[in-house]
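Every number for a ligand or one of its atoms is a count from 1 in the order of the listing.
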Amino acid sequence: MAAKRKKVWFDERLYDDVRQGMSVDRVLFRERTQHQDLIVFENRTYGRILALDGIVQVTERDEYVYHEMMTHVPILAHGRARRVLIVGGGDGGILREVLRHRSVERVTMVEIDRAVVDMCLKWMPSVAGRAFADRRTELIIDDGAKLVAQTKQRYDVIIVDSTDPIGPGEVLFTEKFYRDCRRCLAPGGVLVNQNGVPFLQPDEIPMTRRRRAKSFKVASFYMAAIPSYYGGLMALGWASDNATLADVPLAILRRRFAAARLKTRYYSPEIHRGCFALPAFVAELARR
Ligand code: SAM
């Protein structure tokens, strides 16, 4: 009888006393890029998985949750987004979802690590699809903090799809970065950012809110449940100067959603309205 193959495990070590294990059916690619340790591996439940510096970034099976919530909430709340900036997002999932809005005329994506784009296109093509070939896409390989500090462009929506505040992503959680983003936002614009899992990363809530509040009249959060970002609901940062943007009536959201003719698997106008209702412990963290 053939001996049972011993399982090999990928252990995500974002925390020092809890971790997420995913069995590795096959490693498709691994390299130490100029910026981070990059691995793409296969798991029966999640499909192909990208991890950077040992932290899960995107899985084929659940990527739609995060990518739909990080794009359709700000774009449908804004209502007239023409120019979008994506900071990070090398796997192309956010770019794919932004481009589904025919009203969007230009998407600039500033990603620090070319290898992430290349390896996701090669090993996880379902995530970006043809987004990088879209004539509206402008891909810049650079530090996002540098671009927002220098650009003369103005954006209606800025989406910060970064790694966690360690390594190259750390600069994307600073007060100066948020100030520079505020400078690049056109009037009525909105910034959203990856803000961690509050149950396991509670400090990220007060940390980013205080820093965003220095430059924006409204600095708050909305929630989404992403299975592979374990530890419960994930917080997504929200910043704008117009409080009504986070409180668009359901009828308007339904009208905009229908007009955009989006087929989604997580986002809905009802989820959009509900996701700004924070669990009590998150609301308390956001008051610190
Ligand atoms: N959805 C994931 C999450 O929520 O953790 C993030 C996915 S995406 C792969 C994160 C991207 O941020 C990576 O491609 C990484 O190279 C990029 N990144 C990190 N620091 C950056 C910086 N300073 N400027 C631009 N891109 C950066």
Side-chain angles (χ1 to χ4, degrees), residues 12 14-15 20 29 31-40 46 48-71 85-98 108-124 127-128 131-132 138-151 158-174 176-178 180-181 184 192-198 200-201 204 208 221-231 233-237 266:
E12 182 183 61
L14 189 48
Y15 313 100
Q20 168 175 239
F29 180 79
E31 85 166 3
R32 173 85 213 154
T33 75
Q34 191 194 341
H35 299 280
Q36 47 211 339
D37 175 63
L38 186 160
I39 183 171
V40 179
Y46 279 108
R48 292 186 174 185
I49 298 168
L50 165 74
L52 293 172
D53 287 341
I55 300 167
V56 170
Q57 301 293 313
V58 56
T59 85
E60 284 180 324
R61 179 84 188 282
D62 73 350
E63 54 89 2
Y64 63 88
V65 180
Y66 174 83
H67 292 139
E68 288 180 11
M69 289 303 281
M70 280 282 274
T71 53
L85 172 66
I86 302 168
V87 179
D91 50 73
I94 297 280
L95 179 62
R96 177 198 75 211
E97 290 300 309
V98 170
T108 300
M109 178 168 155
V110 54
E111 161 57 56
I112 200 166
D113 196 338
R114 168 96 244 182
V116 177
V117 177
D118 293 345
M119 289 309 112
C120 287
L121 277 173
K122 179 167 185 195
W123 297 107
M124 302 177 79
V127 177
F132 286 105
E138 174 192 21
L139 172 63
I140 297 170
I141 301 298
D142 204 346
D143 182 337
K146 213 170 100 194
L147 179 131
V148 294
Q150 296 169 355
T151 184
I158 298 179
I159 300 172
V160 187
D161 178 24
S162 71
T163 41
D164 286 279
I166 36 184
E170 193 167 3
V171 70
L172 306 181
F173 290 80
T174 61
K176 174 174 182 335
F177 173 72
Y178 293 130
D180 289 337
C181 285
C184 304
V192 296
N193 65 277
Q194 189 270 93
N195 214 108
V197 172
L200 295 176
Q201 298 167 301
E204 286 190 26
T208 72
F221 300 90
Y222 61 109
M223 309 301 286
I226 295 116
S228 60
Y229 299 163
Y230 70 104
L233 285 169
M234 180 178 212
L236 305 174
Y266 186 92

Practice task
Would you check if the side chain of R48 reaches a backbone N or O of V40 as a donor-acceptor pair within less than 3.5 Å?
Solution key: no

Problem - Contact check, side chains of Y230 and V197, non-hydrogen atoms, under 4.5 Å - result: no

Exercise for the section: Could you see which bit of V171 sits under 4.0 Å from ligand 1, with heavy atoms only: side chain, backbone, both or neither? Expected result: side chain

Problem - Residue and atom name of the nearest protein heavy atom (relative to atom 2 (C) of ligand 1), distance in Å to one decimal - result: Y229 OH, 3.2 Å

Handout entry: Close side-chain approach of M223 to M69, heavy-atom, < 4.5 Å
Key = no

Exercise for the section: Considering only non-hydrogen protein atoms, determine which one is nearest to atom 22 (C) of ligand 1 and report residue, atom name and distance to 0.1 Å. Expected result: L172 CD1, 3.6 Å

Exercise for the section: Examine M234 against ligand 1 and note whether any of their N/O atoms are separated by less than 3.5 Å. Expected result: no

Exercise for the section: Just let me know how I55 lines up against ligand 1, side chain, backbone, both or neither, with a heavy-atom cut-off below 4.0 Å. Expected result: neither

Practice task
Specify the protein heavy atom at minimum distance from atom 26 (N) of ligand 1: its residue, its atom name, and the distance to 0.1 Å.
Solution key: I112 N, 3.2 Å

Handout entry: Distance filter under 4.0 Å to D143 heavy atoms, resulting ligand 1 atoms
Key = 22 (C), 23 (N), 24 (N)

Practice task
Report yes or no: do D161 and Y66 form a side-chain donor-acceptor pair below 3.5 Å?
Solution key: yes

Handout entry: Polar side-chain atom of T151 near backbone of V148 as donor-acceptor pair, under 3.5 Å
Key = no

Problem - For the student: nearest non-hydrogen atoms of D180 and A149, plus distance - result: OD2-CB, 3.5 Å

Handout entry: Per-atom contacts of ligand 1 with D113, taking only distances under 4.0 Å to non-hydrogen atoms
Key = 16 (O)

Handout entry: Side chains of Q36 and D113, donor plus acceptor under 3.5 Å
Key = yes

Exercise for the section: Taking the side chain as every heavy atom from C-beta outward, state whether V117 and L139 have any atom pair closer than 4.5 Å. Expected result: yes

Problem - Closest to atom 24 (N) of ligand 1 (judged by heavy-atom distance), picking from G144, S162, S228 - result: G144

Practice task
Could you find the nearest protein heavy atom to atom 15 (C) of ligand 1 and give me its residue, atom name and distance?
Solution key: E111 OE2, 3.5 Å

Exercise for the section: Among all protein heavy atoms, pick out the one at the shortest distance from atom 10 (C) of ligand 1; state its residue, atom name and that distance to 0.1 Å. Expected result: D161 O, 3.3 Å

Practice task
Could you tell me which non-hydrogen atom of E204 sits nearest to which non-hydrogen atom of P165, and how far apart they are?
Solution key: OE2-CD, 3.4 Å

Handout entry: Least distance between heavy atoms, C120 atom then G90 atom
Key = CB-O, 4.4 Å

Completion exercise
Closest heavy-atom pair, I112 versus H35, reported as atoms and distance to 0.1 Å, is O-NE2, 3.3 Å

Practice task
Please write down residue, atom name and distance for the protein heavy atom closest to atom 4 (O) of ligand 1.
Solution key: Q194 CG, 3.1 Å

Practice task
Mind checking whether Q36 contacts ligand 1 via backbone (N, CA, C, O), side chain (CB onward), both or neither, at a 4.0 Å heavy-atom cut-off?
Solution key: side chain

Exercise for the section: Check each heavy atom of Q57 against ligand 1 and say whether those closer than 4.0 Å belong to the side chain, the backbone, both or neither. Expected result: both

Exercise for the section: Please tell me if the side chains of W123 and L50 come closer than 4.5 Å, counting only heavy atoms from C-beta onward. Expected result: no

Handout entry: Residue D91 vicinity, atoms of ligand 1 by number, heavy atom under 4.0 Å
Key = 7 (C), 8 (S), 9 (C)

Practice task
Could you tell me if any non-hydrogen atom of G89 lies under 4.0 Å from any atom of ligand 1?
Solution key: yes

Practice task
Check D142 against ligand 1 and report side chain, backbone, both or neither, counting heavy atoms closer than 4.0 Å.
Solution key: backbone

Fill in the blank from the handout: ligand 1 to V110, heavy atom cutoff 4.0 Å, flagged ligand atoms 25 (C), 26 (N)

Exercise for the section: Can you pull out the closest protein heavy atom to atom 19 (C) of ligand 1? Residue, atom name and distance to 0.1 Å, please. Expected result: T163 OG1, 3.3 Å

